[in-house]
Amino acid sequence: MRKNIVAGNWKMNKTLNEGIELAKELNDILSKNKPNCDVVIGTPFIHLAEVTKIVDKNIIGVSAQNCADKASGAYTGEVSAAMVKSTGADYVILGHSERRAYYGETDEILKNKVDLALENDLTPIFCIGEVLEERESEKHFDVVKSQIENGLFHLSSDEFSKIVLAYEPVWAIGTGKTASPEQAQEMHAFIRKTLAEKYGEEVADNTSILYGGSCKPSNAKELFANPDVDGGLIGGASLNAKDFHGIIVAFD
Ligand code: 13P
């Protein structure tokens with residue numbers, strides 16, 4: 001059966017020392033109170049090698065927030081999937097709406113990133129989600145479906161079974177405006193149906209689909225209680241160990 005996962009996305013926050021402190025604090029809390037779900041923290045690149053040494057990897061997985069769409073070479077400033085893997089990290093967040101919107105990441109670019117992540121034995125946490133105008137004009141299902149088709153449906157069934165999906169409605173990210181549990185369930189069920197049509201019921205049933213967008217301790221439980229919501233991808237509330245833990249315990 002699919003896993004429940006609570007993953008943090010620190011985005012561009014925390015200096016190295018601050019990140020180490022946060023990882024230590026979270027590791028201490030979770031060593032004493034074993035989580036009932038998988039826990040992942042997505043740190044900036046430069047934190048990865050240090051953070052993987054600090055955390056008990058049986059309890060906390062470590063993720064990058066991006067990787068290059070090329071394997072290696074003259075691409076100044078880029079960080080490859082192989083480099084991410086060499087830090088000890090096991091996950092990479094790909095296709096976050098901030099990368100799509102601010103850094104021009106297209107479906108074609110994301111396809112390459114997904115392939116390189118899988119070749120390097122990283123688990124992609126692949127983000128999808130519509131902007132407000134798309135929801136208001138009732139295009140949200142089409143938008144999400146095309147993001148999945150264009151970014152992932154070139155994968156074989158075996159390859160696809162390594163993917164974690166994160167539905168993050170862009171209008172809910174960092175806005176304090178969360179999707180209602182009904183809106184989240186409706187979209188997650190649609191995503192699972194889309195996966196089933198392509199890869200069959202078994203692969204679809206085994207795929208973890210996380211919700212992201214203003215998820216916090218006060219709303220995590222009702223969001224995660226939905227049958228097709230298998231956890232969360234958490235931005236702001238992952239920057240504080242107590243808040244992040246408050247979301248993890250939604251699975252207790
Ligand atoms: P917030 O939890 O801050 O809304 O961010 C969600 C997100 O973008 C996680 O990737």
Side-chain angles (χ1 to χ4, degrees), residues 4-14 18-19 22 26 37-45 47-48 51 60-67 84 89-103 105 110 113-114 117 122-132 134-135 140 143-144 147-148 151 163-181 183-184 187-188 191 208-224 226 229-251:
N4 290 321
I5 304 170
V6 174
N9 175 8
W10 293 1
K11 307 192 180 182
M12 197 174 72
N13 293 292
K14 306 286 177 191
E18 290 165 351
L22 175 56
L26 188 66
C37 59
D38 284 13
V39 174
V40 176
I41 50 178
T43 81
F45 286 129
H47 300 50
L48 292 172
V51 166
I60 302 178
V62 179
S63 180
Q65 300 170 16
N66 183 25
C67 71
V84 169
D90 289 314
Y91 295 81
V92 58
I93 297 168
L94 291 176
H96 192 281
S97 61
E98 288 149 18
R99 303 250 13 127
R100 292 178 191 258
Y102 309 146
Y103 300 97
E105 294 200 358
L110 290 171
K113 294 189 179 199
V114 167
L122 291 168
T123 300
I125 301 175
F126 191 83
C127 304
I128 50 189
E130 80 285 357
V131 300
L132 186 60
E134 291 164 339
R135 179 161 281 264
H140 46 301
V143 168
V144 166
Q147 289 170 337
I148 295 172
I163 302 285
V164 172
L165 283 173
Y167 169 58
E168 301 204 302
V170 180
W171 47 271
I173 296 178
T175 57
K177 201 175 163 200
T178 318
S180 68
Q183 284 172 319
M187 181 58 88
H188 283 227
I191 292 169
S208 299
I209 309 175
L210 315 184
Y211 167 80
S214 300
C215 190
K216 39 189 185 264
S218 59
N219 61 22
K221 212 174 176 107
E222 57 173 358
L223 284 162
F224 301 170
N226 287 290
V229 179
D230 309 311
L233 182 56
I234 319 300
S238 73
L239 296 174
N240 168 302
K242 281 199 185 65
D243 284 348
F244 193 50
H245 186 239
I247 294 173
I248 293 165
V249 297
F251 282 115

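Just the heavy atoms: all of them, side chains too, but no hydrogens, waters or symmetry mates, feed the values below. Counting starts at 1 for both ligands and their atoms, following the listed order.
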Could you check ligand 1 for N or O atoms lying under 3.5 Å from protein N or O atoms and list the pairs with distances?
| residue | atom | partner | partner atom | Å |
| --- | --- | --- | --- | --- |
| ligand 1 | 2 (O) | Gly235 | N | 2.9 |
| ligand 1 | 3 (O) | Gly236 | N | 2.8 |
| ligand 1 | 4 (O) | Gly174 | N | 2.7 |
| ligand 1 | 4 (O) | Ser214 | N | 2.7 |
| ligand 1 | 5 (O) | Lys11 | NZ | 3.3 |
| ligand 1 | 8 (O) | Lys11 | NZ | 2.8 |
| ligand 1 | 8 (O) | His96 | NE2 | 2.8 |
| ligand 1 | 10 (O) | Asn9 | ND2 | 3.0 |
| ligand 1 | 10 (O) | His96 | NE2 | 2.9 |
| ligand 1 | 10 (O) | Glu168 | OE1 | 3.2 |
| ligand 1 | 10 (O) | Glu168 | OE2 | 2.9 |

Under 3.5 Å: donor-acceptor pair, side chain of [X], backbone of [Y]:
{"X": "Tyr211", "Y": "Ala179", "answer": "yes"}
{"X": "Gln147", "Y": "Gly129", "answer": "yes"}
{"X": "Asp230", "Y": "Val164", "answer": "no"}
{"X": "Arg99", "Y": "Gln65", "answer": "no"}
{"X": "Lys14", "Y": "Leu239", "answer": "yes"}

With sequence neighbours left out, write down each residue that passes salt bridge (Lys or Arg N to Asp or Glu O under 4.0 Å) with Glu130, or none if nothing qualifies.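 Testing Glu130 for salt bridge (Lys or Arg N to Asp or Glu O under 4.0 Å), a comparison that skips the adjacent residues, returns Arg135.
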
